[in-house]
Each structure stands twice: as structure tokens, then as C-alpha cells.
Amino acid sequence: MNITEILPGIHYVGVNDRTTTRFEGLWSLPQGVSYNAYLAVGEKIALIDTVEESFGSRLIENIREAIGDRPIDYLVVNHMEPDHSSSIRALRLLYPQIQIVGNAKTLQMIRGFYGIDAGTLEIKEGDTLSLGGKTLSFYMIPMVHWPETMVTWCAEDGVLFSGDAFGTFGAIDGGITDSQLDPSRYWDEMRRYYACIVGKYGVPVQKALAKVGGLNPTTICSTHGPVWQREIPQVIDIYDRLSRYEGEPGVVIAYGSMYGNTEQMAERIARELAAQGAGPIVVYNLSYADESVVLRDVFRYDTLIVGGPTYNGGLYPPAARLLDLIAARGIPQRNFGWFGSFCWASAAVRCLGEFAEKMKWEPICEPVEMKQGFSPAWHDSCRTLAGRIAGRMRR
Ligand code: FEO
């Protein structure tokens, strides 16, 4: 059984990367990542996307295994971020006759990144390309998550080649399609991928969902992670919820602490929330937590409580970093509470309040601001904050 032939004439030729530690130099990859590329084989052959260039020789081996020495007629470029496009130059050297298919923005980027401006075919929204037995058509999904992003649709097979859309972190373990592996381990990685990579672009993702939903794909071939078939409803639900910034009930408490006093406020607030029936609750020490995991849960849950001490007349840097990540993604609303501390000059709580104002997040309650060390004297104010937040969550 050749499981890389997903459907007759549709071959998976991508690769797993279990060595890169940070995607885009930023986001951790504890379970690796895959760079997916596909062949659509009719009378003519199209390669859809490539892989990160350090894996280019494996891509070539996979292509050869699928089609031997047959030439490739077209290279369809759905997305130009170099994790998918940086093997284009090598492909062109190996297959000099290959026609590179992309929209105007794609072709401009191919010139800019790789100096290629010949042997290209510019396509527009709704254009079709017949391979003989398979027909590809192209639909633009700009800003998911670059301006040139598009999807390729093969109507005969009901296959959507979706680019980064519906992608996830996590290498593909053995199987290719979701029925050949355990899909459950990808859901958190999908949320983390979405929050880190696509999170700023909720509105374009919603437009893309409306557009590709009308195609009713039965197979979704993304550029990262398993090929989706059986799990398409779950995958679409995750992308839909996240792109509507619709948090599910749950609390993230994210705090910074130098000597444990602010940490005790976080612990007390978490305990009080649990006592009042709020949950699930996840608590992160921002000096140690993986920021992509915290960001994932900020996207996932509807309630966020941030705390930190005052540092250099501002907010403790790990807490400030989280706020920057959230602000950059324009999350429109969360139930937000905050707390902080200072030794001799107050600043952290003010900074957190300014963040809420900047985000236009409606304050739920007064923050708790502690001077110097934690003691039982602070229990009541932590309980009050937790009570207001729990009350808002129950509404
Ligand atoms: Fe997987 Fe936006 O590249």
C-alpha cells in the first residue's frame, strides 16, 4: 500500500522537520513541523508548493519515487513564505521547462526572492488550468497570512490545496491523512500554530472560510500537518472559532514574579476562582512558560488575568512581552483582570490598565495593587477580583 498517494493521482511529497527548534526563529517546535508539497498527476503534472530548501533533496527524492523521470509541467505556488517557496530555484534548475504558476503578487515576490522572471504563468481569481483528467482552479485568500496567499482547488477529486490555512505545528508521524494517525494530538498544536502565525488575520480568515466553504472539499491538503478528510468539521470549527476570536469558557492567569510575592497573588486568585467554580484555569509563570503556549491559551479561552511587578518604572518585561504579542494580534475582547506590585513607586498596574484601554477591553473590576510583600492581608482583595471575574464568566 502506497500511503503517500492520498487519492488516485494526488501524491504527498512533503517532508518532516524534527530539527528546527524555532519556526520563523520565534515559535518552539517540540513536536516538529511538516512542510507539505503535493503532486497532481493527470496527462500533465503539477507540483503544488515546495518545501524549506534545506529539505529540498528529500522533496526531489519523494517526487522521483512518485513519478520517476516524468517531467513536471507546472509548479503552483500558493504561498511565498520561504518555508514553502525556498526550493523553487532548485526545482527550476532540475526541471528547466517547469512553468511557475502564481498570481501577480506571487510572481513579483518570486522575482524579489529568487530572481526568477521567466517561465511563469500569471493566474487570477477563478482561472483554471487543465492537467488532462484533473482541473486546477485558483482562489485568492489574501492575508492568510501574506498578501499573495491563494488556494488551489481540484474539483474532480474534491481536494483543496489550502496553503497555510488549516495548517498545524507537529510533524506527521507515519500516516499522511487524519485516518492514518491519531489526530487528537494536533488540536492544541493547531491552536498554537494559529495563534502565533495567523492570529492577527481573523477577518481575512473568516473571508477565506466563507469562500472555500462553498467548495465543500472532501480532502484538505494544507502546507503543515496531516491531510484532513474525516476531521474536516473539527478543523474548520477550530479555525472558525479562533478567527472570530471567540474564546471558550476558561481562565488564563499569566504572571511575572521576581521573588515570589506577585506569584502568591496569582496563586491566591487562581485558588479563589476555583473555589467559585470558574474554570478551566491555567496558570503560567511568564519567566518560564513557552510564550507560544500562553498565546495559544489566550486565543482559546475567554478570560485573561495578567499580573506583574514594577520594573524600571514600568511593567516586568516578561509580562510586557505577552501584552505586546496580544496587542499585535488585535484580539477584540477578553474578560480581563489585572494585578501587580511595587516596592517604592507604582507602575505595573498602571501599565496593565493602559493596555486594557489601548485594546478597548472593558474593565471588569478594580485591579489589585500590592505594595511590597504578600501576606494574608491581601487575601480579601484577591478574592474580590476573582469573584468579579467569576461573576462575569457566569453571565
Ligand atoms: Fe508555512 Fe506562511 O508559511
Side-chain angles (χ1 to χ4, degrees), residues 12-38 47-56 58-59 62 75-89 91 100 102-103 105-110 112-114 138-152 160-172 176 186 189-205 207-209 212 220-228 235 238-239 242-243 292 295-296 299 325 328-329:
Y12 178 85
V13 290
V15 300
N16 280 320
D17 177 356
R18 302 180 202 276
T19 54
T20 299
T21 52
R22 292 204 178 268
F23 191 81
E24 295 182 339
L26 289 167
W27 316 111
S28 66
L29 291 171
Q31 300 180 56
V33 66
S34 70
Y35 311 116
N36 299 342
Y38 305 90
L47 172 65
I48 297 161
D49 293 311
T50 74
V51 302
E52 204 278 330
E53 67 178 332
S54 51
F55 295 86
R58 291 190 201 169
L59 169 68
N62 293 345
L75 166 58
V76 175
V77 181
N78 280 327
H79 180 29
M80 273 299 293
E81 193 165 5
D83 53 331
H84 309 295
S85 71
S86 54
S87 292
I88 289 179
R89 213 164 13 202
L91 254 300
I100 300 175
N103 59 56
K105 288 180 183 145
T106 307
L107 298 184
Q108 182 279 323
M109 289 184 189
I110 288 177
F113 275 103
Y114 309 116
F138 308 100
Y139 299 96
M140 307 303 133
I141 54 163
M143 298 319 300
V144 181
H145 61 125
W146 278 28
E148 86 299 357
T149 43
M150 67 179 201
V151 297
T152 298
L160 182 72
F161 299 97
S162 64
D164 280 352
F166 312 115
T168 173
F169 288 139
I172 303 174
I176 308 290
Y186 291 95
E189 282 295 82
M190 180 173 281
R191 292 185 184 98
R192 195 169 69 87
Y193 175 83
Y194 182 93
C196 296
I197 309 299
V198 195
K200 177 179 168 62
Y201 302 103
V203 172
V205 171
K207 287 184 182 157
L209 284 170
V212 304
I220 294 180
C221 295
S222 160
T223 45
H224 298 291
V227 167
W228 303 116
V235 168
I238 289 176
Y239 266 74
L242 294 174
S243 58
S292 68
L295 197 56
R296 175 197 73 194
F299 266 80
L325 291 172
R329 285 155 181 77

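Please read all numbers here as calculations on a predicted model, not as lab measurements. Atoms within each ligand, like the ligands themselves, are counted from 1 in listed order.
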Exactly one of D164, T223, D49 clears side chain to side chain donor-acceptor pair (under 3.5 Å) with H79, and that residue is D164
Any donor-acceptor pair under 3.5 Å from R329 side chain to C196 backbone: yes
Pairing residues for T19 by the side chain to side chain donor-acceptor pair (under 3.5 Å) criterion, not counting sequence neighbours: D17
Do you know how many protein N, O or S atoms are within a distance smaller than 2.8 Å of atom 2 (Fe) of ligand 1? 4
Residue set satisfying side chain to side chain contact (heavy atoms under 4.5 Å, CB included) with S85, at least two apart, ordered chain then number -> M80, P82, I88, Y114
Take F23 and H224 through the test side chain to side chain contact (heavy atoms under 4.5 Å, CB included) and record every step on the way to the result. CA-CA 12 Å; F23 191 81; H224 298 291; 3.9 Å; yes
Which residues satisfy the side chain to side chain donor-acceptor pair (under 3.5 Å) test with S28, sequence neighbours excluded? R192, D290
